[in-house]
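By convention in this document, chain letters (A, B, ...) are assigned in the order of the sequence lines, proteins followed by strands, and residues within each chain are numbered from 1.
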Amino acid sequence: MLDPKLLRNESDLLAKRLATRGYQLDTSRLSELEASRKQVQVQTEELQSRRNKASKEIGQVKAAGGDIEPLKAEMGEVGELLKKNAAELEEIQAALLSMQLDIPNLPHESVPVGASEDENVEIRRWSEPRVLDFEPRDHVDLGEGLEQIDFAAAAKLSGARFVVMRGQIARLHRALTQFMLDLHTQEHGYQEVWAPAIVNAERLQGTGQLPKFGEDLFKLEGEHDRYLIPTAEVPLTNLVADSVLAMESLPLKFVAHTPCFRAEAGAAGKDTRGMIRQHQFDKVELVQVVHPDASYEALEALTGHAEAVLQKLELPYRVLALCTGDMGFAAAKTYDLEVWIPSQNRYREISSCSNCEDFQARRMLARYREGENKPQLLHTLNGSGLAVGRTLVALLENYQQADGSILLPDAIRPYMGGVDRIAKLPG
RNA sequence: GGAGAGGUGGCUGAGUGGUUGAAAGCGGCGGUCUUGAAAACCGUUAACCCGCAAGGGUUCGGGGGUUCGAAUCCCUCCCUCUCCGCCA
C-alpha cells in the first residue's frame with residue numbers, strides 16, 4: 001500500500017510514476033472519493049461528538065435525580081442521523097481502501113523504465129556455459145533416462161504440473177535444500193525458521209497477494225479463509241505483522257524451506273514440459289526486515305546471498321535489474337537471477353530478489369521505534385535462495401555427461417554421502 | 001470432536017450499563033535525596049485517524065446487535081488455557 005497522505009496530496013505525480021509500470025491510477029475517482037470521505041467523516045464526527053456530550057449530560061441529570069426523557073427524545077433523532085452517516089462513511093472508506101489495496105508499489109528511481117521483460121537490464125554475468133561436445137538433453141530426458149524422474153506417475157497421482165522423483169535425484173533435491181539452508185544460516189547470518197504452509201487471507205493481504213491475485217492461489221475448502229502459500233515470503237514477512245520492533249533487533253534475517261503452491265492460472269501452455277513450472281515446488285526463501293535507511297544496501301547483500309548458492313554450485317548465471325513494467329506488485333526494485341539452461345540455450349529465472357520498501361509494512365502494520373519517537377514503518381525484502389526444483393534442473397542439465405549420467409559439483413557431494421555421480425539405478 | 005474457563009494499557013490485574021481511556025501494582029521516563037548508586041518519596045507514562053491549528057473522533061480479541069449511552073447486556077467468529085476423546 002502506498003502512503004495515503006501521498007495519495008491524497010500528490011496523486012498526479014504518483015500517477016505518472018505508476019504509469020511507468022503499466023498501472024493507470026484513476027486520480028479523478030480518487031479525489032472524488034477523498035472529497036466525499038472528508039465531508040462525511042467530519043459530519044459523522046460532529047454527530048458523534050454531540051451524542052457523546054448529551055450522553056454524559058443524561059448521566060449527570062439522572063444521577064441528580066432529574067428528568068431525562070426530553071433529552072432522550074432529542075437524541076433519538078441524532079441517533080438516526082448518525083446511523084445513516086456512519087453507514088455512508090463506511091461505504092466510502094471501504095471503496096477507498098479497496099482502491100488503495102489495488103495500487104502497486106512505486107518503482108525506485110534507479111529502476112530502468114520499460115514496458116516488458118525485453119527491457120530488463122543485464123547487470124552482470126558470472127562464469128561461462130560449459131561447451132559440450134554432444135547435443136545437450138533436457139532434464140526430462142535425463143531424469144527419465146536415469147529412471148528417477150517420473151511425470152507419468154505424478155499425472156496419475158495429481159494431474160499436470162506435478163513431478164515424482166526417486167532415488168539419487170530425490171536425494172539430490174533434498175541435498176540441495178540442506179546445502180542452501182546451511183549456507184545461509186552459517187555464512188550469511190540468517191535465522192532458520194520453520195513456518196506454516198497454510199496462512200489466512202489477512203496475511204496474504206499483508207504481503208500483497210490478496211486481494212488482487214487470488215486466482216494464482218490454492219484456496220482451502222471449508223469455513224475458514226485459508227490458503228496454501230505461494231512462497232515462504234508470506235509467512236516469513238508476516239512474522240513482524242502488527243508489531244513494533246526495537247531498533248536493536250534490526251535487521252531481522254530469516255531463511256526457511258517450504259513447499260510453495262501456485263495455481264498458475266495465467267500460464268496455460270507455458271513451460272508445460274518438465275519441472276520449470278509446477279503447482280507444487282520447494283523453495284528456500286530469504287527475508288530481511290530492516291531500517292528504511294538500510295534497505296537498498298540490504299537488497300544488494302541479499303542478492304549476493306542468493307548468488308552465492310549458484311557460485312558454490314558452479315552454475316553460470318546472470319543478474320538482471322527488472323524494468324518498471326516487469327516488476328512484481330509489491331516490489332520497488334527487483335533483481336532476477338537467471339541460470340543457464342543448456343537445453344533451452346538461454347538463461348532462465350531461478351531467483352527474484354526484491355526490496356518492497358514500506359509497501360508491505362504498511363499493509364501489515366510492521367513498525368520499529370527509535371528512542372522515544374513514534375513508531376515508523378519498516379522496510380521488507382525477500383528473495384529466493386533458491387527455488388530448489390529449478391536448481392535441480394540447472395544442475396542436471398549443466399552437469400550432464402555424454403552417457404546421460406550427472407557428475408555432481410564438489411559443493412554438494414558432502415550432502416550426497418560422498419556420491420560423485422548420478423547414474424541409472426541398479427537392477 | 002465433547003465439556004468448562006478466559007481474552008482489558010509495555011506487563012500483572014481491577015472494573016457487570018453513565019463525567020472509565022479505564023483503579024492498583026510492576027516496568028519506563030523525569031525529579032528530590034546521595035560523593036555515586038540503591039532504597040524511599042514526588043511527578044509523569046497508550047495507539048491510531050481527521051485537521052495548518054484549536055479541537056474532534058476511534059480503540060478494552062474481531063464483527064454485528066440492544067440502548068440516549070456498552071469494557072460492562074445479547075448474537076457470532078477467532079484465539080488461549082484445563083479436562084476428555086482421537087491422533088503424526
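rG27(B) is paired with rU45(B) under the criterion used here, namely a Watson-Crick or G-U wobble arrangement in which both key atom distances are under 3.5 Å. As the counterpart of rA40(B), rU32(B) is assigned, both hydrogen-bonding distances of the Watson-Crick or G-U wobble pattern falling under 3.5 Å. Under the Watson-Crick or G-U wobble criterion, with both distances below 3.5 Å, rA5(B) is paired with rU80(B). Nucleotide rG85(B) forms a pair with no other nucleotide shown, judged by Watson-Crick or G-U wobble geometry with both contacts under 3.5 Å.
The aromatic rings of His279(A) and Phe162(A) lie tilted to each other, with the angle between the two planes from 30° to 60°. Below 30°, between 30° and 60°, or above 60°: for His188(A) and Tyr190(A) the angle between ring planes is above 60°, a perpendicular geometry.
Gln60(A) comes within contact range of at least one nucleobase, with a heavy-atom separation under 4.0 Å. Using a 4.0 Å heavy-atom cutoff across all strands shown, Ile58(A) reaches at least one base atom of the nucleic acid. Using a 4.0 Å heavy-atom distance criterion, Arg50(A) is classed as making no nucleic acid contact.
Nucleotides rG6(B) and rA71(B) are separated by 15 Å at their C1' atoms, to the nearest Å. For rU58(B) and rG7(B), the P atoms lie 24 Å apart once the distance is rounded to whole Å. Remark: the separation of the C1' atoms in rC84(B) and rG25(B) is 38 Å, to the nearest Å. A distance of about 35 Å separates the P atoms of rA39(B) and rG21(B), rounded to the whole Å. With both ends at atom C1', the span from rG13(B) to rG30(B) equals 26 Å, rounded to whole Å. Nucleotides rG61(B) and rG15(B) are separated by 15 Å at their P atoms, to the nearest Å. A gap of 32 Å separates the P atoms of rA22(B) and rA5(B), to the nearest Å. Taking the C1' atoms as reference points, rC75(B) lies 32 Å from rG56(B), given to the whole Å.
Straight-line distance from the CG atom of Leu245(A) to the C1' atom of rG10(B): 14 Å, rounded to whole Å. Atom CZ of Arg37(A) is separated from atom P of rC50(B) by 6 Å (rounded to the nearest Å). Protein atom NZ of Lys83(A) is 13 Å distant from nucleotide atom P of rG64(B), rounded to whole Å. The distance between atom CG of Asn52(A) and atom P of rU20(B), rounded to the nearest whole Å, is 14 Å. Remark: P of rC78(B) and CD of Glu202(A) are 14 Å apart, rounded to the nearest angstrom. Between the P atom of rA54(B) and the CD atom of Glu46(A) lies a distance of 18 Å, rounded to the nearest Å. One atom, CZ of Arg369(A), and another, P of rG28(B), lie 16 Å apart when rounded to the nearest Å. Taking atom CD of residue Gln376(A) and atom C1' of nucleotide rC48(B), one finds them 14 Å apart after rounding to whole Å.
Nearest nucleotide to the side chain of Lys5(A), out of rU58(B), rC68(B), rC50(B): rC50(B). Of all nucleotides listed (rC49(B), rG18(B), rG57(B)), rG18(B) comes nearest to the side chain of Ser55(A). Closest approach to the Arg367(A) side chain among rC68(B), rC48(B), rU58(B) is made by rC48(B) (side chain taken as heavy atoms from C-beta onward).
Between Pro375(A) and Glu45(A), it is Pro375(A) whose nearest contact on RNA chain B lies nearer the 5' terminus. Nearest-nucleotide positions on RNA chain B for Arg8(A) and Lys56(A) put Lys56(A) closer to the 5' end.
In this view, Tyr296(A) and His108(A) satisfy the ring-ring contact (aromatic ring centres under 6.0 Å, His included) rule, not counting sequence neighbours. The side chain to side chain donor-acceptor pair (under 3.5 Å) check on Arg273(A) picks up Asp138(A), Asp141(A), with sequence neighbours excluded.
Annotation for Lys212(A): atom NZ counts as buried by contact number, over 12 foreign heavy atoms lying within 6.0 Å. Atom CD of Glu109(A) is surrounded by 12 or fewer heavy atoms from other residues, nucleotides or ligands within 6.0 Å.
In summary, Lys219(A) and Asp225(A) engage in a salt bridge, as defined by a charged side-chain N under 4.0 Å from a carboxylate O.
For rG51(B), one of the phosphate oxygens OP1 or OP2 lies less than 4.0 angstrom from a side-chain nitrogen or oxygen of Lys38(A). Applying the 4.0 Å criterion to OP1 and OP2 of rG56(B), one finds that Ser49(A) has every side-chain N and O outside that range. Remark: Arg51(A) is not in phosphate contact with rA70(B), judged by side-chain N or O atoms under 4.0 Å from OP1 or OP2.
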